[in-house]
Visitor: 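Got a structure for you, written out below as structure tokens; questions coming shortly.
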Amino acid sequence: MCCFGANPGRGGHRLAAKAGETVFETRQAVADFFGGMVARTVFCGNCTHAINLALKGTLRTGDHVIISSLEHNAVLRPLERLRAQNGIEYDVLRIDPQNEAETLLRARKLIRPETRMLFVTHVSNVFGTVLPIRMFASLAKENGLLFGVDAAQSAGVFDLDLENDGIDLLCMPGHKGLFGPMGTGVLLFSERVLPQTLMEGGTGTLSLAYAQPEILPERYESGTLNLPGIAGLGAGLRFIRQYGGTQAIRTHEAELIRVLREDLSVIRSIDLFDTLCGAGEQTLLSFSLPDKESEEIAAMLDQCGFAVRAGYHCAALAHTMHGSPKGGTVRVSPSVFNTKKQIKNFSFCMNQIALRKIL
Ligand code: PLP
């Protein structure tokens, strides 16, 4: 903002050129990171925006979609609107985290002639379940379906590659595992799909044309871009590389969760939702206590200096279909900046809460 706070792609002056260069470099870095094409890497306001563009831009009246039982409301609610107003139907595939073959069987049964898309979250934001996205990609390919992935919890933590993983629409926020600022998100899409725009307006290109220019990716980015956010997202990607990449980050987070699981499992009254985690490395953990609402536990943990999310985590499907208690769960989601010592302190405080020594 201090050095080149100008509108990228608008003025021809040096400040605007530098701003445009920063946007381009970040777009290139994101495309490289996820094996996508620069022209098909679109900056969005958040992951919800990217998902809306992926779903509403691609689905048409009469289409049928299959989603997983672990989807966030960012997927469910746009589909509910499409169902009510646009004649698009969807089915929910019940994920069996312990049995991929069973999940695949159930998915096959849901496919109909009108099925156009399979859309799943990569990692559940409630239970940390890692979904077998390569298995789903093969199923989608076999059946001529588009394959969409919500990578809100996995981008920057798990390896993802548009081409190798067979993904057509990859949605992510900038502010979670990519270490960017809030108010950033990205949609990457393959050559097999070309979404319609959600919004039209000034793109900084073909200013005399009445109709929205077709040029990618500007076609999807009408209005002034979030330059400080995008620059921050670029810095976030550089941080991931400096840290040693997604594998190093995942190893650290999974180790913290392993220690946490071990420590919490000795607290007799605690219910850990860890059997839902699936085959992949678990990078977050949900739990509850029978005699306390999750919000109450989170407020106590806040007093002890721990920031956790409690309740239903904007994920109606995950909670209702996978049997979490009334009031939802407490979710612990450590990052690379957390340490084992902090996890040990956390477990100590949880033990005190469970024993009612902290009221
Ligand atoms: N999908 C999942 C799985 C999420 O966890 C979240 C946010 O927590 C979203 C989508 C929505 O992301 P955003 O808040 O960036 O729109």
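The basis for the numbers below is simple: all heavy atoms, side chains too, and nothing from hydrogens, waters or symmetry mates. One-based numbering along the sequence shown. Both counts, for ligands and for their atoms, begin at 1 and track the order of listing.
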Visitor: Salt-bridged, Arg77 to Glu80, with N to O below 4.0 Å?
Guide: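 No, Arg77 and Glu80 are not salt-bridged.
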Visitor: So, do Phe348 and Phe306 have ring centers that fall under 6.0 Å from each other?
Guide: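 Centroid separation for Phe348 and Phe306: 6.0 Å or greater.
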Visitor: Sort out the contact shell of ligand 1: every protein residue with a heavy-atom distance below 4.0 Å, listed by chain and number.
Guide: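 Within 4.0 Å of ligand 1, protein side: Asn46, Cys47, Thr48, His72, Ala74, Thr121, Asn125, Asp150, Ala152, Gln153, Pro173, His175, Lys176.
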Visitor: With a 4.5 Å limit on heavy-atom distance, are the side chains of Tyr90 and Ile88 in contact?
Guide: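 Not in contact.
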Visitor: What heavy-atom pair brings Gln153 and Arg331 nearest, and what distance separates the two atoms?
Guide: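 Scanning both residues completely, I find the closest heavy atoms to be NE2-NH1, 4.2 Å.
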Visitor: Using a strict cut-off of less than 4.0 Å between a Lys/Arg side-chain nitrogen and an Asp/Glu carboxylate oxygen, indicate whether Glu142 and Arg108 qualify as a salt bridge.
Guide: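 A salt bridge links Glu142 with Arg108.
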Visitor: State, to 0.1 Å, how close Val120 and Glu71 come at their nearest heavy-atom pair, and which atoms those are.
Guide: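 What the structure gives for the nearest pair is CA-OE2, 3.3 Å.
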